Amino acid sequence: MRLSPRSILTLFIATATAATVTAGAPMSAGARIGTPEPAVAQAGQTTPVWGECPPVAPDGPPRDPRQRCATLRVPLDYRAPRGRSIEIAISRIGTARPGSRRGILLSNPGGPGDSGLDLPSRLAVVLSSEVLDRYDLIGFDPRGVGHSTPVTCGLDPMRLFTLRLPYPAPDGGIERNIAFARDTAATCAEHSGDLLPFVTTANTARDMDRIRAALGEPKLSYFGLSYGTYLGAVYLSLFPGRGDRIVLDSAVDPGLVWRDMLRGWNQAVATRLPDLLTFAAERDAVYHLGVTPEEVRRTYDRLIAALDRQPLPIPGGSGFDGNALRESTRVGLYFDGFFPLMAELWQEIAAAVSGPTANTVDPAVLARLNRLISATGAAGGGTAQTPADNRVAALYAVLCDDAAWPRGMALYARQVAADRRAWPATAGMPSNLWPCTAWPSRPVEPPVTVTGHGPRNVLILQNTRDPSTSLASALGLRAALGRQAVMITVDQGGHGVVGLGSCADEAMNSFLATGALPGRDRFCPAPSPADAAARSTPLPYIPSAGPL
């Protein structure tokens, strides 16, 4: 048997968009650049007309039948608010008890580049009845994404999937990455050059305020996951009087946008990987990977080395190589529920690389892994309405247009070489160059400075061993928000806190329902085995395992 190219591709197109990013820097330009006005009076603003939502992707989870959708038009460039406009797709699940309604709970699932149109359907599963009574749940596809006016780079999803996130060659060389970055930046400019400079976090935050105003609300409450934590922090900094109750789950450090945030994956992955090694060692009778975490790590390193030397063949593809295993393993660290499939994948590869033909990995293993990741909303390319590469293109747009990247290639080569020695699990990928290095445009404004100037209305939730947005990253956001926020840290691994049975669930639901924040920062143990068992699959809104 040989590896299924479709299963692997779906996995990696998705993973190239999971994971987290951050930002922050000089000055807040929002008030002087096209700042939306408080509720109602905006030129050309109309009340949304709610109707049927676009059809879900064939492999996507069904949405709540209560969810309705609409579109708004917003300025492409808020510096020219009466110029060209673009569409923003929004969704709503109305409050369960209109008489108890407090307002709207807007949400974002992360990415950047992830669709949020169906997030209300997914949050409705994990929010308490008291919260559902008090809010209309509002989702949206951020500008450039999905059913909002989409961007594309014209990338072929069947090619170069291990370069979407910039893994260097097995010998550490970055020549392929340089070529990919230049080619991709050029094709992005060719296909979406008029849109790309304005697909930024700051402009998405301004779009959020247009949504708030169009719905006639003086303030908005917000739930943001991963990259969505940075988006929420930027919104609060641009519009400090318009945030009501804000929950930020798995936090991005606003002072690290974007390259330094990505470089944080080195330590984040190294901190989380022992959880997977321990899982496999405790089940050596099943997986035969080693009886101790150290033995399992040696097995894993042996598999990586074997695949670096000789990739397993993929029909019509370039092969399942060491970088493919590195990236699928990085994705597998996002949630404990992925561990059995990751151990099974390692077991299958171990059999394949030691066999006489080195091509016997069961594609059903990869298919099961892909289905589990798909259940989080991470997988899937384009639909009939969106380009196949939309998520990757939107990811690149935000990373490259929020903040400028260094242009000198020598810097990347040095840092990749150093990180390969210090952090072998990630092989230098987090410090490597992205298409941003050759991006055709420079940022139209500096990153927004995130501050704590506002009421005490932010709840930050963070795992201690998050493989994407690390605890150090969350502490960076906590420091930036100061007295405006309180933080709950949960002693568990994985990306995404809410819904796993820890004390964070109760705190979040209580805060959204009543406004009561904990008096000070708290540290919580991991949920009990019984609570963890009740969450045998990832929550519906856990982000893709790509950036953030």
Side-chain angles (χ1 to χ4, degrees), residues 34 36-37 39-57 60 62-78 80-95 103-109 111-124 135-152 192 194-196 198-217 220 222-224 228 231 235 377 380 382-387 390-391 393-394 397-398:
E37 294 299 321
V40 194
Q42 292 181 349
Q45 185 67 67
T46 58
T47 302
V49 178
W50 299 103
E52 293 293 323
C53 292
V56 298
R63 64 168 61 97
D64 190 314
R66 297 173 296 171
Q67 183 170 298
R68 308 290 284 172
C69 291
T71 58
L72 294 177
R73 297 204 70 87
V74 300
L76 172 64
D77 181 356
Y78 277 93
R82 299 187 184 278
R84 178 181 174 184
S85 65
I86 58 174
E87 286 190 342
I88 301 297
I90 62 175
S91 60
R92 179 182 68 178
I93 294 179
T95 171
I104 60 172
L105 178 64
L106 192 64
S107 56
N108 178 272
D114 282 5
S115 167
L117 202 63
D118 286 321
L119 192 51
S121 299
R122 299 166 187 175
L123 284 175
Y135 296 95
D136 293 342
L137 306 182
I138 306 296
F140 72 110
D141 280 354
R143 59 171 51 212
V145 174
H147 297 284
S148 296
T149 302
V151 294
T152 176
S192 299
D194 55 338
L195 297 174
L196 292 176
F198 307 103
V199 179
T200 65
T201 301
N203 279 334
T204 301
R206 296 175 182 121
D207 296 341
M208 288 168 53
D209 207 57
R210 287 293 177 108
I211 294 170
R212 173 201 60 78
L215 298 178
E217 298 292 333
L220 61 80
Y222 177 78
F223 175 88
L231 176 61
Y235 180 84
T383 67
Q385 295 81 27
T386 60
N390 176 240
R391 299 178 78 179
V398 173

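All of these numbers come straight from a predicted model, not from anything done at the bench. FYI, side chains are in, hydrogens and waters are out, and symmetry mates aren't considered; it's all heavy atoms of this structure.
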- Could you please spell out the steps behind the salt bridge (Lys or Arg N to Asp or Glu O under 4.0 Å) verdict for Asp114 and Arg391? CA-CA 6 Å; Asp114 282 5; Arg391 299 178 78 179; 2.6 Å; yes
- Closest non-hydrogen atoms of Glu217 and Arg212, given as atom of the first, atom of the second and distance, are O-NH1, 2.7 Å
- Task: For residues Leu76 and Ile86, report the shortest heavy-atom separation together with the two atoms involved.
- Result: CD1-CG2, 4.0 Å
- Dump the intermediate steps for side-chain hydrogen bond (donor to acceptor under 3.5 Å, both in side chains) on Tyr235 and Asn108, then the final yes or no. CA-CA 12 Å; Tyr235 180 84; Asn108 178 272; over 6 Å; no
- Message: Looking at every non-hydrogen atom in both residues, tell me the closest pair between Pro48 and Leu72 and how far apart they are.
- Response: CG-CD2, 3.8 Å
- Message: Holding to side chain to side chain contact (heavy atoms under 4.5 Å, CB included), I want the full list of residues that pass it with Arg63, two or more places apart in sequence or in another chain.
- Response: Cys53, Val56, Gln67, Asp118, Ser121
- Can you tell me how far CD1 of Ile90 sits from OG of Ser148, rounded to the nearest 0.5 angstrom? 9.5 Å
- Query: Looking at CG of Leu119 and CZ of Arg122, how far apart are the two atoms once the value is rounded to the nearest 0.5 Å?
  - Reply: 7.0 Å
- How would you list, by chain and number, every residue that makes a side-chain hydrogen bond (donor to acceptor under 3.5 Å, both in side chains) with Thr152, sequence neighbours excluded? Asp389
- Query: Mind checking what makes side-chain hydrogen bond (donor to acceptor under 3.5 Å, both in side chains) contact with Thr200, not counting sequence neighbours?
  - Reply: Asn203
- Please name all residues satisfying side chain to side chain contact (heavy atoms under 4.5 Å, CB included) with Ala397, sequence neighbours left out, ordered by chain then number. Leu196, Val199, Asp401
- Item | Side-chain heavy-atom pair Leu105, Asp136 within 4.5 angstrom cut-off | no
- d(Asp64 CG, Leu137 CG) to nearest 0.5 Å is 9.0 Å
- Are Ile88 and Arg143 side-chain neighbours, meaning at least one heavy-atom pair lies under 4.5 Å? yes
- Message: Minimum heavy-atom separation for Gly116 and Pro142, please, with both atom names.
- Response: N-CD, 4.3 Å
- Item | Smallest separation among heavy atoms of Leu231 and Ala205, with atom names | CD1-N, 3.7 Å
- Heavy-atom closest pair (Cys69 atom, Pro54 atom, distance to 0.1 Å) is SG-CD, 4.0 Å
- List for me each residue that meets ring-ring contact (aromatic ring centres under 6.0 Å, His included) alongside Phe140, sequence neighbours excluded, and say none if there are none. none
- Just how far is it from atom OG1 of Thr204 to atom CZ of Arg206, taken to the nearest 0.5 Å? 10.0 Å
- Taking side chain as C-beta onward, heavy atoms only, is Arg84 less than 4.5 Å from Phe198? no
- Query: side-chain hydrogen bond (donor to acceptor under 3.5 Å, both in side chains) with Ser107: which residues, sequence neighbours excluded?
  - Reply: none
- Whether Tyr222 side chain and Gly228 backbone form a donor-acceptor pair below 3.5 Å: yes
- Query: How far does CD1 of Ile211 sit from CD1 of Ile104, to the nearest 0.5 angstrom?
  - Reply: 8.0 Å
- Residues at least two apart in sequence or cross-chain that pass side-chain hydrogen bond (donor to acceptor under 3.5 Å, both in side chains) with Ser115, listed by chain then number, are Asp141
- Item | Minimum side-chain heavy-atom gap Phe223-Leu123 below 4.5 Å | yes
- Residues two or more places apart in sequence or in another chain: which of them pass salt bridge (Lys or Arg N to Asp or Glu O under 4.0 Å) with Arg92? none
